[in-house]
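Each residue takes its place number in the sequence, starting with 1. Computed from heavy atoms alone, side chains included, the values below leave out hydrogens, waters and symmetry copies.
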Amino acid sequence: MNKIVDSHCHLNFPQFKGKLDEIINRALDKGVSRMLTISTKLNEINELESISKLYSEVYNSVGVHPHECKNYKNLSLNDLTKHTKNSKCIGIGESGLDFYYENSPKELQTKLFRIHIEAARETNLPLIVHTRSADSQTIQILSDEMKRGSFSGLIHCFSTSKELANRAIDLGFYISLSGIITFNKSNDLRNIVKDLPLDKLLVETDAPYLAPEPFRGKCNEPSYVFHTAKILAEIKNVNLDIIAKETTDNFNRLFNL
């Protein structure tokens, strides 16, 4: 079996406290070769850096989740880029727009999203995009910013429209798929994924959230990423080995590893 990558998880979250050794070892035993633990706010960066330093297979990002924007009204470009000096920091985000909950004002989310894009452009690190109930606005911002200077990135936990996926891919972005594609109610999503190019797809857990079937409702963890990959293999009508290799190659190419 080829190795696989969990391109998006949150290993510093309380659900994993005191259990990281067993969580990481279980992932490695299942063939997960790399894990990217994602930043949602800047006051957790030291913890993320400590985790990525302790485990050679773990990398981290730096960024502010749209829910947290209200606590970072004065965020500067340097606030982000100064943390990228650490060699284990390989991405900017997660950042973007969440107009479903709107825990932070829309204008502030947009402002910080653009700052993250500038950080991605300046550091040449991929942008990790969270978007919910804001597809058109997200694409508009990405398109506008791309005209000002290119940058790379991905749409994390993709679960919405074919238009979002296609427009993002047209911009050179990748699409990351979570356990949502395994849910019984996700036929429409699986039909969209079926037509997406395999060389633009990644898999993730978003652990501790969104555990795939048959673990739905339980605490998610990186070792479960294979269940998402298995369903992706069925959608694409290819061997699981191919999915593991392709998504790993895609991750390594995007994150320059």
Side-chain angles (χ1 to χ4, degrees), residues 7-10 12-15 36-45 47-48 60-77 79-80 83 91-121 126-146 148 151 153-169 171 173-181 183 185-186 188-189 192 204-211 216-217 219-220:
S7 67
H8 193 113
C9 55
H10 300 277
N12 65 308
F13 277 24
Q15 293 90 330
L36 177 53
T37 187
I38 301 294
S39 170
T40 62
K41 49 191 175 183
L42 295 187
N43 64 7
E44 65 185 358
I45 291 298
E47 190 176 17
L48 294 175
N60 70 273
S61 69
V62 57
V64 176
H65 191 287
H67 289 344
E68 300 290 336
C69 289
K70 60 184 178 292
N71 299 317
Y72 293 92
K73 296 177 182 178
N74 298 315
L75 183 78
S76 71
L77 181 62
D79 289 334
L80 297 172
H83 294 288
I92 303 295
E94 62 185 286
S95 176
L97 306 175
D98 195 313
F99 293 170
Y100 182 83
Y101 288 109
E102 202 177 332
N103 287 342
S104 292
K106 291 180 179 179
E107 288 185 4
L108 184 59
Q109 290 186 46
T110 299
K111 174 187 172 184
L112 266 61
F113 189 21
R114 292 186 186 274
I115 293 173
H116 281 76
I117 292 172
E118 181 58 30
R121 191 184 287 123
L127 179 72
I128 300 156
V129 176
H130 171 110
T131 179
R132 188 170 186 188
S133 298
D135 284 10
S136 61
Q137 296 92 335
T138 296
I139 287 298
Q140 186 63 57
I141 290 172
L142 292 176
S143 299
D144 288 346
E145 289 290 340
M146 197 66 74
R148 301 179 183 180
F151 56 97
L154 64 86
I155 303 296
H156 133 73
C157 196
F158 171 73
S159 60
T160 55
S161 69
K162 187 173 184 177
E163 181 184 7
L164 172 66
N166 288 339
R167 294 283 298 278
I169 289 171
L171 291 171
F173 269 52
Y174 289 71
I175 304 295
S176 184
L177 305 169
S178 71
I180 294 175
I181 68 169
F183 297 172
K185 66 177 182 180
S186 295
D188 289 346
L189 175 59
I192 293 172
E204 65 171 85
T205 59
D206 203 14
Y209 308 119
L210 298 175
R216 191 172 181 188
C219 180
N220 201 3

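T110 OG1 to Q140 CD: the interatomic distance, rounded to the nearest 0.5 Å, is 11.0 Å. Note that CD1 of I128 and SG of C157 are 13.0 Å apart. Values are rounded to the nearest 0.5 Å. Annotation: the span from I192 atom CD1 to L177 atom CG amounts to 10.5 Å, rounded to 0.5 Å. Distance check, rounded to the nearest 0.5 Å: CD of Q137 to CG of L97 gives 7.0 Å. Here the straight-line distance linking atom CD of Q109 with atom CG of N103 works out to 8.0 Å at 0.5 Å rounding. Residue Y174 holds its OH atom at 13.5 Å from CD1 of I155, rounded to the nearest 0.5 Å.
Shown here for I139 and A168, the closest heavy-atom pair between the two residues is CD1-N, 3.9 Å. Nearest approach of L108 to C69, heavy atoms of both residues: CD2-O, 3.3 Å. Between I180 and S159, the closest heavy-atom pair is CD1-CB, 3.9 Å. Pairing each heavy atom of L210 with each of N220, the nearest pair is O-ND2, 3.3 Å. Taking every heavy atom of both residues into account, S133 and F99 meet most closely at O-CB, 3.4 Å. The minimum heavy-atom distance linking S143 with L171 is given by the pair OG-CD1, 3.9 Å.
By the 6.0 Å contact criterion, CD on Q15 is enclosed, its count of non-hydrogen atoms from other residues, nucleotides or ligands being greater than 12. Annotation for K70: atom NZ counts as buried by contact number, over 12 foreign heavy atoms lying within 6.0 Å.
Checked by atom type and distance alone, the side chain of S178 never pairs as donor or acceptor with a backbone atom of E204 at under 3.5 Å. At distances below 3.5 Å, not a single donor-acceptor pair connects side-chain atoms of E145 with backbone N or O atoms of E118. Distance alone, capped at 3.5 Å, is enough to place a donor-acceptor pair between the K111 side chain and the K73 backbone. Between the side chain of H156 and the main chain of S176, no donor-acceptor pair closer than 3.5 Å is present. Counting only distance, with no hydrogens or angles, the side chain of S39 and the backbone of I45 share no donor-acceptor pair below 3.5 Å.
Two residues are said to be in side-chain contact when any heavy atoms from C-beta on lie closer than 4.5 Å; L164 and F173 fail this criterion. Side-chain contact between H116 and L75: present, with at least one pair of heavy atoms (C-beta onward) separated by less than 4.5 Å. By the 4.5 Å heavy-atom criterion applied to side chains, L142 and F151 are counted as neighbours. Using a 4.5 Å heavy-atom cutoff, the side chains of V62 and I92 are in contact. Counting heavy atoms from C-beta outward, I38 and S61 have side chains that approach closer than 4.5 Å. Two residues are said to be in side-chain contact when any heavy atoms from C-beta on lie closer than 4.5 Å; I117 and I141 meet this criterion. A 4.5 Å side-chain heavy-atom check between D206 and H10 finds at least one atom pair inside the cut-off.
Cation-pi geometry between K41 and Y72 is not satisfied (NZ or CZ under 6.0 Å from the ring centre, within 45° of the ring normal).
Residues satisfying the side chain to side chain donor-acceptor pair (under 3.5 Å) test with D98, not counting sequence neighbours, are H130.
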### Query
Given the rule in the side-chain contact (heavy atoms from CB on, under 4.5 Å) test, do L127 and F113 qualify, once you have shown the distances and angles that lead to the verdict?
CA-CA 10 Å; L127 179 72; F113 189 21; 3.9 Å; yes
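In this model, no donor atom of one side chain and acceptor atom of the other lie less than 3.5 Å apart for T138 and D135.
The aromatic rings of H65 and H67 sit tilted, their planes meeting at an angle between 30° and 60°.
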